[in-house]
Amino acid sequence: MDTKELLKKVRKIEIKTRRLSDHIFSGEYHTSFKGRGMTFSEVRQYQYGDDIRNIDWNVTARYNEAHVKVFEEERELTMMLMVDISGSESFGSKNQFKKDIVTEIAATMAFSATQNNDKIGLILFSDQIELYIPPKKGRSHVLRIIRELIEFEPKSHKTDIAQALKFLSSTQKKKAIVFMISDFMSDDYEQTLKIAAKKHDITGIRVYDIREQKMPNLGMVPMLDAETGEMQLIDTGSKAVRMNYEKYYHDQLNYFKETFSKSGSGVVNTRVDESYVTKLLGYFKSR
C-alpha cells in the first residue's frame with residue numbers, strides 16, 4: 001500500500017471513529033472506567049449528609065467548626081489495546097473482513113481514551129508479540145496506532161493468547177484498562193488471564209463472522225487454513241465433518257466465555273455484519 005492510499009485510509013477511519021467517540025463513547029467510557037483513586041482537593045465546611053469519615057479534625061479544631069476533606073477522582077488512566085492479527089482475522093464473507101471491524105473498534109476506543117486525556121498503548125499479537133507501542137497521549141499517537149493496525153504485516157499467522165497476556169503482565173506494572181480484540185479461536189490461556197485480570201481491568205471483544213459458525217454442504221472443497229497455510233481437500237458433504245467443525249467452533253466459544261467470566265473480565269461478542277456500536281454501548285451501560 002502506497003503512502004497516499006494509507007493516509008487516505010487512516011483519515012477515513014479517523015473521521016468515522018472520532019465522530020463515534022466524540023458523540024457516543026467518551027461519556028460512557030468515562031463513566032464505566034473509573035480513575036485510579038481519589039486525590040485530596042480541598043477542605044470545606046461540613047454540610048448535612050457529608051460522610052463523617054471525611055472530617056478533617058485539625059481544621060475543625062482550628063476553626064471550632066466541622067470541616068470535611070473533599071476528594072476528586074484521579075482520572076488519568078492507561079488503556080492497552082491488544083489486537084489479534086493472526087491469519088484468521090483476514091476472514092470475511094459479507095464484504096468486510098474481521099480485520100476491518102477490529103481496526104474500527106480499536107480506533108474508536110483509542111479516541112474515547114484520548115477524550116479523557118488517558119494514555120493509549122498497543123500490542124499486536126499472533127502466536128508471538130508482533131509489535132508493541134508503549135502507552136502515550138495525543139492525536140498523533142492514536143493516528144500512528146491506526147496506521148499500524150491498517151498496514152502491519154504479521155510474521156506469523158497462528159494465535160497464542162496466553163503469550164500475549166504474559167507480555168501484558170510483564171510490561172504493564174500499573175493497572176490498565178485492557179481491550180483484547182480477537183476471534184478467540186485459541187485455548188490454554190485460562191491461567192495467564194487469571195493472573196493478568198488480578199491487576200488489570202480486561203475486556204475480551206470477540207469479532208466473528210456468521211460463516212464461521214457452520215460449514216455449508218458444498219461437496220469436496222479445497223480449503224486453506226489461514227493460520228497454518230496448509231491447503232486441504234475437505235468433504236463438506238460429510239455430516240460428521242460438518243458436526244466436528246461445529247463442535248470445535250462452539251468448544252472455543254464456550255471456553256472464551258467461561259474463562260473470561262471466571263477471571264472477572266468483561267465479554268463483548270460482535271458479528272462483522274452487526275453494529276459494534278450498539279454492542280459496546282450496551283456493555284458500557286451494564287458495567
Side-chain angles (χ1 to χ4, degrees), residues 79-94 96-106 108-109 122-131 149 152 154 156-169 176-198 200-215 225-228 244-276 278-280 282-284 286-287:
M79 177 195 282
M80 285 305 301
L81 295 167
M82 299 182 71
V83 180
D84 178 357
I85 55 168
S86 62
S88 60
E89 294 308 315
S90 297
F91 185 87
S93 63
K94 294 266 182 179
Q96 204 158 22
F97 295 118
K98 284 191 281 184
K99 185 185 175 185
D100 300 332
I101 301 298
V102 166
T103 300
E104 281 189 22
I105 291 172
T108 304
M109 300 318 301
L122 177 71
I123 296 169
L124 297 182
F125 70 93
S126 54
D127 62 344
Q128 61 192 56
I129 302 306
E130 297 277 355
L131 177 72
L149 285 163
F152 192 88
S156 172
H157 294 290
K158 296 177 182 177
T159 312
D160 189 338
I161 286 169
Q163 197 64 30
L165 288 165
K166 275 178 196 165
F167 183 80
L168 172 76
S169 294
I177 305 298
V178 179
F179 291 100
M180 182 176 249
I181 314 171
S182 171
D183 55 13
F184 292 94
M185 298 307 278
S186 175
D187 48 26
D188 289 337
Y189 54 84
E190 186 174 356
Q191 203 50 41
T192 41
L193 179 61
K194 203 174 171 182
I195 293 163
K198 278 180 183 170
H200 305 294
D201 186 334
I202 302 176
T203 301
I205 302 177
R206 179 176 160 265
V207 179
Y208 67 101
D209 191 286
I210 195 165
R211 293 276 181 240
E212 293 173 303
Q213 294 174 284
K214 280 187 175 183
M215 183 181 280
D225 187 317
E227 301 219 346
T228 64
N244 282 339
Y245 176 87
E246 235 175 286
K247 184 182 182 303
Y248 173 76
Y249 178 86
H250 286 290
D251 284 350
Q252 298 278 28
L253 172 56
N254 291 335
Y255 180 80
F256 161 65
K257 285 180 178 173
E258 284 168 21
T259 304
F260 269 73
S261 176
K262 270 189 216 165
S263 73
S265 302
V267 164
V268 179
N269 285 287
T270 184
R271 217 169 58 208
V272 291
D273 58 327
E274 290 179 320
S275 164
Y276 64 82
T278 308
K279 293 292 180 85
L280 287 171
Y283 173 69
F284 288 159
S286 72
R287 278 177 63 96

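The first residue in the sequence is number 1, and the count goes up from there. Given the structure is predicted, the values throughout are model-derived calculations rather than measurements.
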Applying ring pair (Phe, Tyr, Trp, His ring centres under 6.0 Å), can you list everything that pairs with [X], at least two apart in sequence or on another chain?
X	answer
F260	F184, F256
F167	Y132
Y208	none

With [X], which residues qualify under side-chain hydrogen bond (donor to acceptor under 3.5 Å, both in side chains), at least two apart?
X	result
N244	none
N269	R206
T192	none

Over 12 foreign heavy atoms within 6.0 Å of NZ, K279: yes

Partner of M82 under side chain to side chain contact (heavy atoms under 4.5 Å, CB included), chosen from I161, L168, I205: L168

Side chain to side chain contact (heavy atoms under 4.5 Å, CB included) partner of M80, chosen from L122, V178, I202: V178

Donor-acceptor under 3.5 Å (E190 side chain, E258 main chain): no

CA sep, side-chain torsions, deciding dist, call: S186, T159, side chain to side chain donor-acceptor pair (under 3.5 Å): CA-CA 6 Å; S186 175; T159 312; 6.0 Å; no

Point-to-point distance, once rounded to the nearest 0.5 Å, from CG of D84 to CG of D127: 10.0 Å

